[in-house]
Structures are given as C-alpha cells and as structure tokens.
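Data first, discussion second: the structure below is written as structure tokens.
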Amino acid sequence: MKTDFQLIAHANDFPDLEQFRSERSGAEVVFNGIVRTPNKGSEVLYLEFEAYEALFHNEMNRIAESLESQFQINAIVLHHRIGRVLPGELAVVAVVYSQHRKDAFEACEALMNELKSTVPIWKKEFNSDGSFWVSQTP
Amino acid sequence: MKTDFQLIAHANDFPDLEQFRSERSGAEVVFNGIVRTPNKGSEVLYLEFEAYEALFHNEMNRIAESLESQFQINAIVLHHRIGRVLPGELAVVAVVYSQHRKDAFEACEALMNELKSTVPIWKKEFNSDGSFWVSQTP
Amino acid sequence: MKKEVQLFGMLKEQYGSPVFVEVSDLPISAKELIVAFRMQFQEVQDLPFLIAKNHFMIQDVDLIDSTDHIALLPPVSGG
Amino acid sequence: MKKEVQLFGMLKEQYGSPVFVEVSDLPISAKELIVAFRMQFQEVQDLPFLIAKNHFMIQDVDLIDSTDHIALLPPVSGG
C-alpha cells in the first residue's frame, strides 16, 4: 500500500493525484473538503488551520494501517492545508485507491471520520461575528 | 441543483471540475473509475463502451431528481467515456457536491449504483483470452 | 405488421440495428413486444431486457404505438 | 518539579507553548499529568484532552518520564 500524507502551506501546492493512479486500481474515491460559507448563519471570512506535524504523520500511518486491515486498498492520500484558508478553497483532499468501488468509498469515508477524531489539526473560524476554535473531538 | 451529464469521446476531453465548485458546497466527493487490469485473471487490452445518448440524458435526469429527494445536493456531475478505453484510463467520473460530507459520500455511491443498474451504457472487454460483453443488470 | 426496434450492445452486435419485429397489431404492450422479439430472435433466450419508448424507460404494461421510437436494451454495464 | 508540555490550538492561544506543569514526581501516568495541568490551568475546566508522548498518542495509564516530549491536545477539528 502506497501512502502520501502532507501538510500543505499554500492553495496551489496540492499535489497532482495522477501519480497515485494505476491500472491495478479500478476505483479512486476523492473527498475534497472546501471552506464553506455561510456556516451556521454567519459569513465565514477565513479559517486558520494549525497542525502538530510529527504526530500528524504518526497518526496518519496508524490510521492507514487500520484501514488496510479492513479494506482492500492500494493507496491512501491525505493532504491538508495549514494556515489561512479562504471560502471556496480546498482545506483537505482525502483519496483512497482500491481495486473495487465499494472498498474505495467506505475506506475514504472512514478516513475522513478518523481525520476528524484523532488527527492533530485545529481550526479557528473567523466570521462576520468574531472568531472561535472549532471543537469536534475528543 | 446544477447537473452536468456528458458522454466523452476522448481521454483528454474530461471537463475540469473547478467550474462546479462553490463556497456553498463544503463537500465534493469524486468517484474516478479507471480501466483495471488484470480483471478476473486475464490481462485486459481495452474496453469498448457504447451508449444510447438520448436515453442516457433522460435517465441521468431522473436519477438526479431521485437523489435530490434523498440527499442535500448542490450539484451532480457524471462524465462517461465512450469508444475504446485503455487500462489506466478514466472510464467514468461521478461527482456530488453538498454542504456536508455524509450526503456527498452517500449520494455519490448511490449515483454509481444507479449508473450500473439502468443507465444505457454497455461495455465489451477485450482481453488476452478474447472478448465478451460485460453483463451486470437488469 | 412490423415494428422497428433499435438494439444496443450485444443485441446490436448479433442482429444489427434496427431490426423489424413482426407483431399482430398495434398498439401493444411493451411486454407483448418483448415476447414477439423473443419468438423471432430465439438465440437471446432468457437474456433480460429493459425497454425504452421515445428515449425514456418504460414498464411491461406501457403501450407502444406505430409512431413510437422503441429500443431494446440488454443488461447495462457502465462504469 | 516541572514538566515541559507543548500546547496546541486553543490551549496554545490561551497559555502559550510550551508551559511548565508542576508535578510531585516523575515518572507519572498521563492521567496524573492531566490532573496536575488542570490544577494549574483551571480555566480549561472539563475541556477533554488527548495526550501525546514522543509524537505518538498515549492512554491515561501510560507513563511519562522526564526525557519524554509531551503534548496536550484540545479537541481536534481537521477537515
């Protein structure tokens, strides 16, 4: 299983996914997470993402191994922005490559659920009413 | 709800998805279906896709309306190759845009299941052992 | 009386397209047209079909008249 | 005795990073360190934490020694 986990500093630095494609992976499921506005009634100005990079890589490797034990997976990619991200920009790209579509869908959705549970990235939302840290888990 | 359904004649003719993104759609789930080899033990040389174009558009519109009644969806895209498609090339791109990730994942997977049930596209596989029409449904 | 029917996929490869199906009368139900088609093109045997009228899917009970565009669809396999 | 602890997110914004947590002894369990942290930084109250040792997540019962790199993590919110 190939993996590629990166924190991305600028909107144009997301890697091209072409390199992960292969004729052995019939299914590629991509989740593109985009900064959305409005959110809960307020106009979002931007988000600020902060990450703990060493732990990010270790957690992503743990998650990838866990997913590989549950699904047929050929490659897993997670690219996440850090710093200031504007509405309409990509915040996260999560991709799973599998021989078959069902595994690719389920593993990609599980990857996003894991990301939101334990991967050390924090988000502060700046909107027309002020700012706050978004708290999801634990 | 925006929709875009196209039959694509050449590998390089897949439209850029950028145009469907919006700051109102926080979630974009993309299924890229790639011609896979080997398949069931045989080396795939290529696939030939044939479509019934007028019915393709009518069926896709019906499916989109059905999905819209089940999920929060801002846009649905389906681009499918016709003609000869080589291993490693894209055969289909299915995309759902939603405010939220769960709806985008579920609607995109449902879209692919519908595609494989009733959308009038037929596939003939040419492999190292000969050729055959792939029969899935009804 | 003959009804023109467009074929696709393996049906088209085997019989060409369109074909002309001998029917006793029109209008008839989609199901009756399929029965007539199976009589004339016996090699398809129990291959399941979908049927489209004027570029929309229809059901067994729907009626087909002389001016309707009709297509018989073998099992689809997109994706 | 003080143990250096790296903070992130809202914790870092509030207290800076690193902070030094007063502990009676080392090694102690992760849970004991969190209790000591909460005593000293009472405004965090019942905010739940994850804790990392040497850049891996650890559990409440895992031991922390003087040479370990320790980080306290407020609720994550990636994506």
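The structure presented is a predicted model; accordingly, all values stated were derived computationally and were not measured. Residue numbering restarts at 1 for every chain, and letters A, B, ... go by the order of the sequence lines.
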B:V29 and A:V30: side-chain contact (heavy atoms from CB on, under 4.5 Å), yes or no, with the steps?
-> CA-CA 6 Å; B:V29 171; A:V30 182; over 6 Å; no
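Within the 4.5 angstrom heavy-atom criterion, only side-chain atoms of A:L90, from C-beta onward, approach chain B. Using a 4.5 Å cut-off between heavy atoms, B:L86 does not touch chain A at all.
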Any idea which donor-acceptor pairs are under 3.5 Å between chain A and chain B?
residue, atom, partner, partner atom, Å
A:E23, O, B:T37, N, 2.8
A:G26, O, B:I34, N, 2.8
A:E28, N, B:N32, O, 3.0
A:E28, O, B:N32, N, 2.8
A:E28, OE2, B:N32, ND2, 3.0
A:V30, N, B:V30, O, 2.8
A:V30, O, B:V30, N, 2.8
A:N32, N, B:E28, O, 2.8
A:N32, O, B:E28, N, 3.0
A:N32, ND2, B:E28, OE2, 3.0
A:I34, N, B:G26, O, 2.8
A:R36, NE, B:Q99, O, 3.3
A:T37, N, B:E23, O, 2.7
A:Q99, O, B:R36, NE, 3.3
A:R101, NH2, B:N113, OD1, 2.5
A:N113, OD1, B:R101, NH2, 2.5

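Judged as a ring-ring contact (aromatic ring centres under 6.0 Å, His included), not a single pair has a partner in residues 58-77 of chain A (not counting sequence neighbours).
Annotation: ring pair (Phe, Tyr, Trp, His ring centres under 6.0 Å) contacts of A:F105 (sequence neighbours excluded): B:F31.
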